[in-house]
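Note on naming: letters A, B, ... go to the chains in the order of the sequence lines (proteins, then strands), and numbering restarts at 1 for each one.
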Amino acid sequence: MEIPKTYDPKQAEQNHYERWEREGFFAPEINRDPQAPVFSIVIPPPNVTGSLHMGHALQHTLMDVLARYKRMCGYRTLWLPGMDHAGISTQMVVSRELKKEGLSRHDIGREQFVERVWKWKQESGGQITRQMRREGASVDWSREKFTMDAEMTRAVREVFVRLYDEGMVYRGNRIVNWCPNDQTVLSDLEVEKIPQSGKLYYLRYPLKSGQGHVTVATTRPETMLGDTAVAVNPKDERYRGLVGKTLLLPLTGREIPIIADEFVEAEFGTGAVKVTPAHDQNDYEMGQRHSLPQVVVIDSEAKMTEAAGEEFVGLDRYKARTKVVEKFAELGLLEKIVDYEFAISKCERCKTVIEPLISTQWFLAMDKLRDRALEALQQDKSPQFVPEVPYEKVYSNWLENLRDWTISRQLWWGHQIPAWYTADGTVIVARSEEEARKRAGNDELTQDPDVLDTWFSSQLWPFSTMGWPEDTKDLATFYPTSVLVTARDIIFLWVSRMVMAGLKFMDDEPFADVFVTGTILDAHGQRMSKTKMNGVDPLEVFDKYGVDATRLKLASVGSTDIRWSEKQVESYRNFANKIWNAARFSLMNSEGAAVKPEALSDVGPESALHDRWIVSRLNKTAREVRKALAGYEFHEAVQTLYHFFWDDFCDWYIELTKSDITAEEASSSRAEARSRLLTVLEQALRLLHPFMPYITEELWQKLPGVSGELLHPAYSGAAQSIMLAAYPEGQSELIDENAEWEMQAVIDLISRVRNIRSEMNIKPSERVMLLIGSPDKKTRAVYQTNSAQISRLARAAEVSISEKLEAPRASARAVLVGGAEVAVPLEGLIDFAQERERLGKEKEKLSAESAKLEAQLDNPQFAERAPAEKVEEVRARIADIAQRNAQLDQTIANLG
RNA sequence: AGGCGCGUAGCUCAGGGGUAGAGCACUACCUUGACACGGUAGGGGUCUGGGGUUCAAAUCCCCACGCGCCUACCA
């Protein structure tokens, strides 16, 4: 078999995905065991406008690791894919397209516009679904969903109607966040606060009595045209006498009262606040408390209204600001302007400054939904956040301060609100127009033009995708899902709302666990973003290093924020190459051998040390990986696998088994050794498969002897694939601590000799003589049994083992654990001064350690209070060091 | 303004009361019949600083400094 020396990931990446998908491996139906436990995940639906970024690649990798792992463990596994219609984003993309044709959406009308969006989706939307195939994501494409699909829309309407009937969805006129650019209302979560340097204007409002004035401080002078009061803190002595008095609002001549309200901070500015109930959230609330009139002076385009007065009507809000300030200056009412840093609210998407406006919108009352979610968290610890700190607290704090959710949007793309109005303005909320019509009893119905916030449909995702409100088999089987893997920026927008919706409509949590991924920053620690152009394209990384290597890097990111470093991907690329070459070696020497379970189960007390040892290591590794994955410790799992494969399997096992494998003469022992090597490799590939699906499948398919017998019983009869092989159990009875100890002694000896060779500049081609002395019988036996291996790996011509070391003066020596000692006679080669120095260094190290330990033991408190076994441990270590030191002294003395 | 997190080798990061770890980078040697995307052996850290708790602190607590993130109704 011709196998190239270097692994080319591209080929493997092209070879398998299509087959996996075609064979139905991703669908839970592949599992034929009716008793199989269930594992399910729904994907956080990416925006239909989006293309793959590192955040996706990270989430998808973690979900795929879990899905592939659970599938191999025999779980009936569903990972459900889909996309979000992404209201504003998508509408903006298509509007931009239209603009290139010189059209606006209003030119073509709503119906045609929506058609146009669907056409766009058909042609250019959903790039991500193709990119996910490249990632190797084992999602069940036959269940793919889109939030605007008919079934999703049905679920949305059902939920809306039920919530309306219960009085939780309502229509109201109140102050909202308005984006003058997108011409729609936004929820609090779609508004971002951006710090900026601005001005604070001090304006004087004269008292009606003509006796003096009150000075207010504001960042938005133009809104003074809509002021209907000035507020002070009731405890503020300075203004005590003025509360209840009347001011003359400059430029308008309007009379406004001075009111007292706890909201006002006496320390800030002048302690007096202008109150504009129509254009500020807090002022709106103060207005409610004091029954103040609302004077609307800014319209939805952020221009001044007629109510602002003749001089201002039609002016842009910022032009109006300049003009108001000028007027105040002219009137001698501008006290001062000072520089001021504050946070301004901007539209998350288009960065336009938000204008708070009073508007009629649909809202969802959150208190009952919230209470239920908090109860689930407190009583059932549901969902379980990983990492628990800080996310559980972040989540609960947010819930506690939750306000009603503005769910309507003035857009065309989205779920149109299922509310109809009769000619006389009666509202009918229904599941369909027919139903509304039936109830209305006449034909004059117009549907509410608004659509629902995109997140209104996303919150239903875990059950709407499974067929709710029907009682489907999928819902019964896969809901609630096992875990949600997501980024932290949508804990509020999405996670919390899914919990609330799930509890409300399914009467059950939507997922047991929430794994929150870390953030991948650029090399300078900056967030990756489109505007900064500092994003790393996962597809480019795939091309350069391979999907498997990238996945391994991403898996080890887990839940921490890290700076992107290509070097690490490169090192995992090297790891993939290492795997490739270990397999290459195994295959090049596989004549007469095959993968077979007996090759490992036959290993017993009579077997060679390295065979007993690798079986033990394999099982220990499987256990550790399983444990790590159970706790979502991806990094731990990757490290464990990396070291098992590279250090244990490649560096030691392959090296130790080489002499058996490469024997010239065919023999049953050679065939057994070869089968054993192939079988260990096959097990290792299974362990790695959830992380590195492509290379493991590629190699697995090449192994002689792979058959349906290797598949997990739940998949018997399925086509052969490592992705359906049983994940190694990691049986504790196959862990052999004795073999691990013996192997450690051998490794220790070989390393010491290699160290001597290196320090003494002995050429690799030069064979040396090893003299080993050990007072311990068992240790001698281990060295004796493995002396052939030891000579090969330490490049020795001869190994001689005795109870007491007798070596020529011209020897380099090393002290081993347990009082053993090794000497390498170097007549004519040894530089005594150099050797003395080398041993001296060794002794220094030991002495330093010993000094620390002795100081500890000398402390009477230690012996008294520390656990006895700790004290004993320290004693033992001191004794060991003392023995080794004595030997070193002797050795140095012998050098003369 | 509050809340939270982080600061460990030159770099990127694990670890998390009881002998300081990995990868990369670095040094020396090696075309050893799987792999130079490799092998072998090394060097390198008062775990940000200061206090405290403890027999014992990189680890727990407090303070300071530095860096992030999130929440918020000081106009």
Side-chain angles (χ1 to χ4, degrees), chain A residues 3 5-7 193 200-201 216-220 223 231 263-276 280-286 340 342-343 387 389-391 393-394 397-398 401 488-489 491-492 519 521 523 525 527 545 549 553 556-558 560-568 570-589 633 635-636 638-639 642-643 650-651 654-655 658 662 750-751 754-759 761-765 792-793 795 849 852-853 856-857 859-867 870-871 873-874 877 881:
Chain A
I3 302 168
K5 282 168 96 164
T6 306
Y7 171 54
K193 301 265 181 168
L200 191 58
Y201 303 85
V216 297
T218 180
T219 53
R220 300 198 60 194
T223 62
F263 162 76
V264 181
E265 305 274 335
E267 292 74 31
F268 186 85
T270 61
V273 186
K274 59 190 278 307
V275 183
T276 323
D280 182 277
Q281 178 75 41
N282 302 312
D283 293 6
Y284 175 82
E285 283 162 22
M286 246 192 289
Y340 183 58
F342 64 106
V389 179
Y391 300 113
K393 219 166 143 190
V394 164
N397 282 351
W398 185 78
N401 298 309
R488 76 170 72 93
D489 52 350
I491 291 178
F492 306 146
T519 308
L521 308 166
R527 236 191 162 72
Y545 299 103
K553 197 270 165 341
S556 63
V557 168
T560 42
D561 291 359
I562 53 119
R563 295 174 185 217
W564 179 255
S565 152
E566 213 176 83
K567 281 283 173 197
Q568 285 164 27
E570 190 182 329
S571 88
Y572 287 124
R573 189 267 321 258
N574 295 350
F575 180 54
N577 196 54
K578 190 75 182 178
I579 296 170
W580 181 259
N581 277 290
R584 182 168 178 263
F585 173 78
S586 308
L587 290 167
M588 278 163 47
N589 296 288
E633 287 166 341
H635 181 272
E636 181 69 26
V638 170
Q639 290 311 305
Y642 185 96
H643 290 294
C650 293
D651 289 352
I654 290 184
E655 292 308 323
K658 248 177 195 172
T662 58
I750 293 170
S751 301
R754 282 169 170 174
N755 175 269
I756 289 171
R757 297 184 60 111
S758 174
E759 299 271 317
N761 296 317
I762 298 164
K763 290 201 187 96
S765 54
R792 220 161 39 78
L793 296 188
R795 314 204 122 246
E849 199 188 329
K852 245 199 264 177
L853 293 170
Q856 204 176 347
L857 205 57
N859 184 343
Q861 311 260 44
F862 174 67
E864 227 171 89
R865 304 206 188 173
K870 279 287 168 219
V871 179
E873 200 181 300
V874 170
R877 270 165 57 203
I881 291 171

Would you please test A:Ile3 and A:Trp580 for side chain to side chain contact (heavy atoms under 4.5 Å, CB included) and show each step? CA-CA 9 Å; A:Ile3 302 168; A:Trp580 181 259; 3.5 Å; yes
Once you measure the plane-to-plane angle for A:Trp398 and A:Phe492, does it fall in the parallel (<30°), tilted (30-60°) or perpendicular (>60°) bin? parallel
In this structure, how many angstroms lie between the C1' atom of B:rC37 and the CZ atom of A:Arg573, rounded? 4 Å
Atom C1', compared across B:rC74 and B:rC69: separation rounded to whole Å: 23 Å
Looking only at the side chain of A:Tyr642 (C-beta and beyond, no hydrogens), which of the listed nucleotides B:rU19, B:rG39, B:rG23 gets closest? B:rG23
Mind calculating the distance between CD1 (A:Ile562) and P (B:rC24) to the nearest angstrom? 17 Å
5′-ward residue of the pair A:Lys763/A:Thr560 relative to RNA chain B: A:Thr560
Along nucleotides 68-75 of chain B, 5' to 3', which nucleotides get a B, which get an S, and which get a -, given that the test is a protein heavy-atom distance under 4.0 Å? ---S-BBB
How many Å lie between CG on A:Asp651 and C1' on B:rU32, as a whole number? 14 Å
Options B:rA22, B:rC24, B:rA34, nucleotide nearest the side-chain atoms of A:Phe585: B:rA34
Over 60° means perpendicular and under 30° means parallel, so tell me whether A:Phe575 and A:Tyr572 are parallel, tilted or perpendicular. perpendicular
Proximal nucleotide (of B:rA22, B:rC37, B:rU19) relative to the A:Gln639 side chain: B:rA22
Can you list the stems that include RNA chain B, where a stem is three or more consecutive Watson-Crick or G-U pairs with distances under 3.5 Å? B:1-7 with B:65-71, B:10-13 with B:21-24, B:26-30 with B:38-42, B:48-52 with B:60-64
Report yes if at least one side-chain N or O of A:Lys567 is closer than 4.0 Å to OP1 or OP2 of B:rU12; otherwise report no. no
Write down the distance separating the C1' atoms in B:rC62 and B:rA22, rounded off to the nearest Å. 33 Å
Considering only side-chain heavy atoms of A:Asn574, which listed nucleotide, B:rA34, B:rA41, B:rG38, is closest? B:rG38
In whole angstrom, give me the gap between the P atoms of B:rU8 and B:rC67. 15 Å
A:Val638 side chain reached by A:Lys553 side chain, heavy atoms, under 4.5 Å: no
Between A:Arg488 and A:Asp561, is there a salt bridge with N-O shorter than 4.0 Å? yes
A:Thr276 pairs by side chain to side chain contact (heavy atoms under 4.5 Å, CB included) with which of A:Asn282, A:Asp283, A:Thr218? A:Asp283
Criterion salt bridge (charged side-chain N to carboxylate O under 4.0 Å, His left out) on A:Glu655 and A:Arg792, from CA distance to verdict: CA-CA 9 Å; A:Glu655 292 308 323; A:Arg792 220 161 39 78; 5.2 Å; no
Shortest non-hydrogen contact from A:Ile654 toward A:Ala582: CD1-CB, 3.9 Å
P gap between B:rU19 and B:rC47, integer Å: 15 Å
Taking the minimum atom-to-atom distance to the side chain of A:Thr6, which one of B:rU12, B:rA41, B:rC37 wins? B:rC37
Starting at atom CD of A:Glu636, determine the distance to atom C1' of B:rG21, rounded to an integer number of angstrom. 12 Å
Measure CD/A:Glu873 against P/B:rU19 and give the value in whole Å, please. 8 Å
What distance, rounded to whole Å, do you find between the two P atoms, one in B:rA9 and one in B:rG23? 16 Å
Contact under 4.0 Å: A:Lys658 side-chain N or O vs B:rA34 OP1/OP2: yes
Nearest listed nucleotide, side chain of A:Ala866, among B:rG39, B:rC4, B:rG18: B:rG18
So, A:Asn581 side chain and A:Asn577 main chain: donor-acceptor pair closer than 3.5 Å or not? yes
Looking at A:Arg563, I'd like to know whether one of its side-chain N or O atoms comes within less than 4.0 Å of OP1 or OP2 on B:rU12. yes
I'd like the C1' distance from B:rC6 over to B:rA14, given in whole Å. 14 Å
Taking CD from A:Glu864 and C1' from B:rU54, how many angstroms apart are they, rounded to a whole number? 14 Å
For nucleotides B:rG16 and B:rG3, find the distance between their P atoms and express it as a whole number of Å. 27 Å
Heavy atoms only, 4.0 Å cut-off, all strands: where does A:Ser751 land among base, sugar-phosphate and nothing? sugar-phosphate
A:Gln568 atom CD is separated from B:rG23 atom P, nearest whole Å, by 12 Å
Just compare B:rG3, B:rA34, B:rA22 and give me whichever is closest to any side-chain atom of A:Lys578. B:rA34
Check against side chain to side chain contact (heavy atoms under 4.5 Å, CB included), A:Thr223 and A:Asp280: CA-CA 9 Å; A:Thr223 62; A:Asp280 182 277; over 6 Å; no
Just to be sure I understand the rule, does A:Pro860 reach a base, reach only the sugar-phosphate, or reach nothing, if contact means heavy atoms closer than 4.0 Å? nothing
Kindly indicate whether the side chain of A:Arg584, heavy atoms from C-beta on, has any atom under 4.5 Å from the side chain of A:Tyr7. no
Determine the interatomic distance between P on B:rC11 and the same-named atom on B:rU46; round to the nearest Å. 13 Å
Of the nucleotides B:rA41, B:rU40, B:rC37, which one has an atom closest to the side chain of A:Asn577? B:rC37
For A:Arg584, answer base if it contacts any base atom (sugar-phosphate contacts may also be present), sugar-phosphate if it contacts only those atoms, and nothing otherwise; contact means non-hydrogen atoms under 4.0 Å. sugar-phosphate
Rounded to whole Å, please give me the gap between CD in A:Gln856 and C1' in B:rU54. 13 Å
Do the side chain of A:Glu633 and the base of B:rA14 come within less than 3.5 angstrom through a donor-acceptor pair of N or O atoms? no
Does A:Tyr642 have A:Lys578 sitting over its ring (NZ/CZ under 6.0 Å from centre, angle to axis within 45°)? no
